[in-house]
Structure formats: structure tokens, C-alpha cells
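Contents: one structure, followed by commentary.
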Amino acid sequence: MENQAYFNDNKFMNFQNINDIRALIFSGNFTTKINLEHIKDEKENIFYESNFCRLSLYSATHEIAHKQLTNSIETILIPINGVISLGILKENLNDLNQQELKDLILIGPSEPFTIIEPSKFIYLTKEKTPVDLIICELGELSSKISTTELIENESIHLKNKLLSLNDYYYGYERRYKKVYDEGAFLWESDSPNEILVQFLEHFPIEKLGKKLIDLGCGEGRDSLYLANKGFEVIGVDVSASALKRAREIAEEKNISLCFLERDVIYLRNLPFEGFDTAINMGCLHMISDLNHRLLHIKRVYEILKPGGYFLVAHCKSEWGKGFFSIPHWEKIGKLNPGEIINRRIKLMNNNEKFIPLEVVPYFESDENSLINEFVAVGFKVHEAYCKNTDAFGNTAVILFKKPI
């Protein structure tokens, strides 16, 4: 089964082994190679099969349709156009008719997630419309993914477990989509954060090292600036829509760097001690769950080399004050997550308009509390100061260092 109509790049057909297809999947470009409309015209789920790789298209809805069993040594799930809640099942030895979940995972648009052994799994989505899901099986393909129906009580129990996953920080993907649909080319400024520009005046690439990761990079304004300065940049974000725009800008400006759809909390499929420097320009204060914040900081610690730097800009108070999109902040006062307020956007013709947007969860923190979060993981404070910025208002800016 080798139909080139399913792919936008004929080179896809030239893969010689598992490593080739795995490299493309984790490169951030996989979903751009897939011609989804041609695949949906087919009656069968499977749309590509070789002696080491099988690709299938499924649909995640609000309900759990069935349990699926994969027998391959490696199974990779890639949602295309939304967030899915995934559950890996374990057998309940006390009652073979009932099963529990050993893992609960959120997977964002275009983010690959790997299951490394034969497993049973289930999934659903909270999105308003079904989410397309590509499942890639690698290795010995002696049997196809099989399905088993769930009994009613089991289905209700497992569905409630999946729905318990909090996907609040994926609100930014929905926000970027809406802003673009309303006629804006960018939600953020196309200029780099002033904090970062000033930082590089004192910490040049010779001091920081070349390999840098931009956490919560959005439309890539800081990543693009850093790449132009000579850094080898990887920008990661949960918003596939923002990263699509970032890739377009990079291509137009002929700037070489890599953008990856990744959950910044878990930072999956990134090399251990692979980076000299990490930056978090206003992403951490969008993570309001304390456990999620801790997981994020731990993962950054793991992917930084010993002696690596971590630059963090985090709102201290008065969230929204000074934002371009909220010129009327003084009238509104404190912003409450979940409420709808009018936000200003700049249109492609440079005109402006206001659109209603939901206030997403955020987290304010003073310097001492912020420092304590990082020190608890093992970071040392290298430098700390405060700024009033257009991007984040009253901001704590702290440079941490991983001990050698």
C-alpha cells in the first residue's frame, strides 16, 4: 500500500528504515507532509504500509469508541487538529472485566507521543469537533491494531478519568486560531522581547553557548532573533497554529531554526543535557497549576547541560497592565480567568480592532517565591532584577544556572 497521493512530499516514499520515519515524525514537519483530504477519501484506516511502518488515520470524538491494542514495539500517536486525552490501560487482576489506567496524558496538535511496548489504550477529545489522529506503528508488523468494545460501566468510568485532565494551557492554541480568523497576521509583536535584547548585551553567545531552547516561543519572535544572532535554536510551544506562522516567517526571512509542537510541562522527546541555555519569556506565568510548574522546571533542569543558563521573565503582579491588547486595563482592573473581555489586535492592513477573548489562567509570583520554586529543583540564582515591560507588565527577570 504505497500511494503517493497521500503525501505532499515524494521523498516520504524513500525511507529505508525506522530511524528515517522516526526522524521525520519528531522533526516538527511530519503533519505538513500528509495530504489529509486524500486519506479521508479512503474507506480503510490504514493509508501507508511497508515492512517496518504502518500509518493509520483515526478520529477522536467526545466519546470513547473502544479500547485499542497495539502489538508493535513502538507506536506513535500524532493528533492533527486538536488536543486529545490519552489513557494507557492496565489490567485489573481482581476483575478481568474491569480495567484501570496506568497513565493519563494530554497530547496537543502535531505533538508526537510514543508508546514503547504492546499496550491497550483509549482516547477522546474535549474539542467541539472531532480531532484527526494519525497512529504510526513501527517494527515487526505481524498484526494490525485491534479494537475491543467497552462495557457501559467501564466506559463511563474511564471517560470520567480522561475528562479529569486539565487542558487549560491549551487555551492559547484556541486563542491564536481565533486571532488569525479575525484577520490578524500576528497576535504578538514581531520584535524580540526587550528583556532578551538587553540580556544578550551582557551575555553573548560566546558565554552562553550555541544550543538554545525557547520555551513557549509562540510565533517565534525571540527564536528568530536568537537564530539571527548565531544560536542553534529550537522553539517549542503547545500552539500548532502559532508555530505554523513562525515557520512561515522563518522561511520568508530565510532563517534556519527548528520549531516543535511540545507540551512545555513535559518537554517530551528532547535530549538529556542537550542545551546550553533555555529561555522562558512569559510562558511559565501561564502555567497556574503548582505541580505542572514543578514538572516544567524539573524538565528544563534535565535538558540543560551542567553549567547551563535558564533566563526567566515572569509577571509579579497586575497581570495585563501595559499589554498592547489591553489598553483599557485601568478601567477593567484585575483580570479573572474565564471572563470574556475585549482585546485589541492589529490587522494585516495595520488597522486595529477589538475582539472578545476569554481570559486564560495565569499565575503571579514575587521574586522570592519564584526563586524558591527553582532552587527546590537544584538551580542556583545567577542574577535577578525587575522590569516594567510592555509584554508582561510588572516583571521579575531572573537568570538561573544549573550547577556543574
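Numbering starts at 1 and runs along the sequence shown.
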Per the side-chain hydrogen bond (donor to acceptor under 3.5 Å, both in side chains) rule, which among K210, K305, K211 passes with D276? K305
Taking every non-hydrogen atom, the tightest pair across [X] and [Y]:
X    : Y    : answer
M348 : A184 : CE-O, 4.0 Å
E173 : A240 : OE1-N, 3.1 Å
A227 : I255 : CB-CG2, 3.6 Å
H202 : K207 : O-CD, 4.5 Å
V233 : L257 : O-CB, 3.7 Å

Decide yes or no on side-chain contact (heavy atoms from CB on, under 4.5 Å) for H382 and F203, but give the supporting numbers first. CA-CA 12 Å; H382 190 77; F203 289 85; 3.9 Å; yes
State whether a side-chain donor-acceptor pair under 3.5 Å links N280 with H296. yes
Can the positive tip of K402 be found less than 6.0 Å from the middle of the six-membered ring of F310, inside 45° of the ring normal? no
Answer yes or no on whether R245 is positioned over the face of Y176, meaning its NZ or CZ is under 6.0 Å from the six-membered ring centre and within 45° of the axis. no
Check each of F275, F379, F374 against Y301 using the ring-ring contact (aromatic ring centres under 6.0 Å, His included) test, and report the only one that passes. F379
The ring-ring contact (aromatic ring centres under 6.0 Å, His included) partner of H285 among F363, W319, Y362, Y169 is W319
If only atom types and distance count, is the side chain of [X] paired as donor or acceptor with the main-chain N or O of [Y] below 3.5 Å?
X    : Y    : answer
D237 : C217 : yes
T114 : I116 : no
T395 : V397 : no
R344 : F324 : yes
E219 : E188 : yes
Y168 : S288 : yes
D289 : H292 : yes
Y225 : L196 : no
K229 : L200 : no
E273 : P306 : no

Is [X] salt-bridged to [Y], going by a charged N under 4.0 Å from an acidic O?
X    : Y    : answer
K298 : E302 : no
K321 : E364 : no
E248 : K244 : yes

Give a yes or no on whether E251 atom CD has more than 12 heavy-atom contacts from other residues, nucleotides or ligands under 6.0 Å away. no
When you compare the side chain of [Y] with that of [X], does any pair of heavy atoms fall below 4.5 Å?
X    : Y    : result
L133 : V131 : no
R293 : L370 : yes
V381 : F400 : yes
L399 : F199 : yes
D190 : F185 : no

Hey, could you give me the CZ/CD1 distance between R54 and I46, rounded to the nearest 0.5 Å? 5.0 Å
For the CG atom of N394 and the NE2 atom of H314, what is their distance to the nearest 0.5 Å? 12.0 Å
Could you please spell out the steps behind the side-chain contact (heavy atoms from CB on, under 4.5 Å) verdict for E127 and V83? CA-CA 7 Å; E127 305 283 6; V83 182; 3.6 Å; yes
Per the side-chain contact (heavy atoms from CB on, under 4.5 Å) rule, which among F30, Y48, Y58 passes with I134? F30
Kindly determine whether E358 and R174 satisfy salt bridge (Lys or Arg N to Asp or Glu O under 4.0 Å), including the steps that lead there. CA-CA 10 Å; E358 181 178 338; R174 293 181 276 274; over 6 Å; no
Intermediate values then yes/no, salt bridge (Lys or Arg N to Asp or Glu O under 4.0 Å), E117 and K102: CA-CA 14 Å; E117 58 185 3; K102 65 177 181 180; 3.2 Å; yes
Could you go through the side-chain contact (heavy atoms from CB on, under 4.5 Å) check for I279 and L226 one step at a time? CA-CA 11 Å; I279 65 169; L226 289 160; 3.7 Å; yes
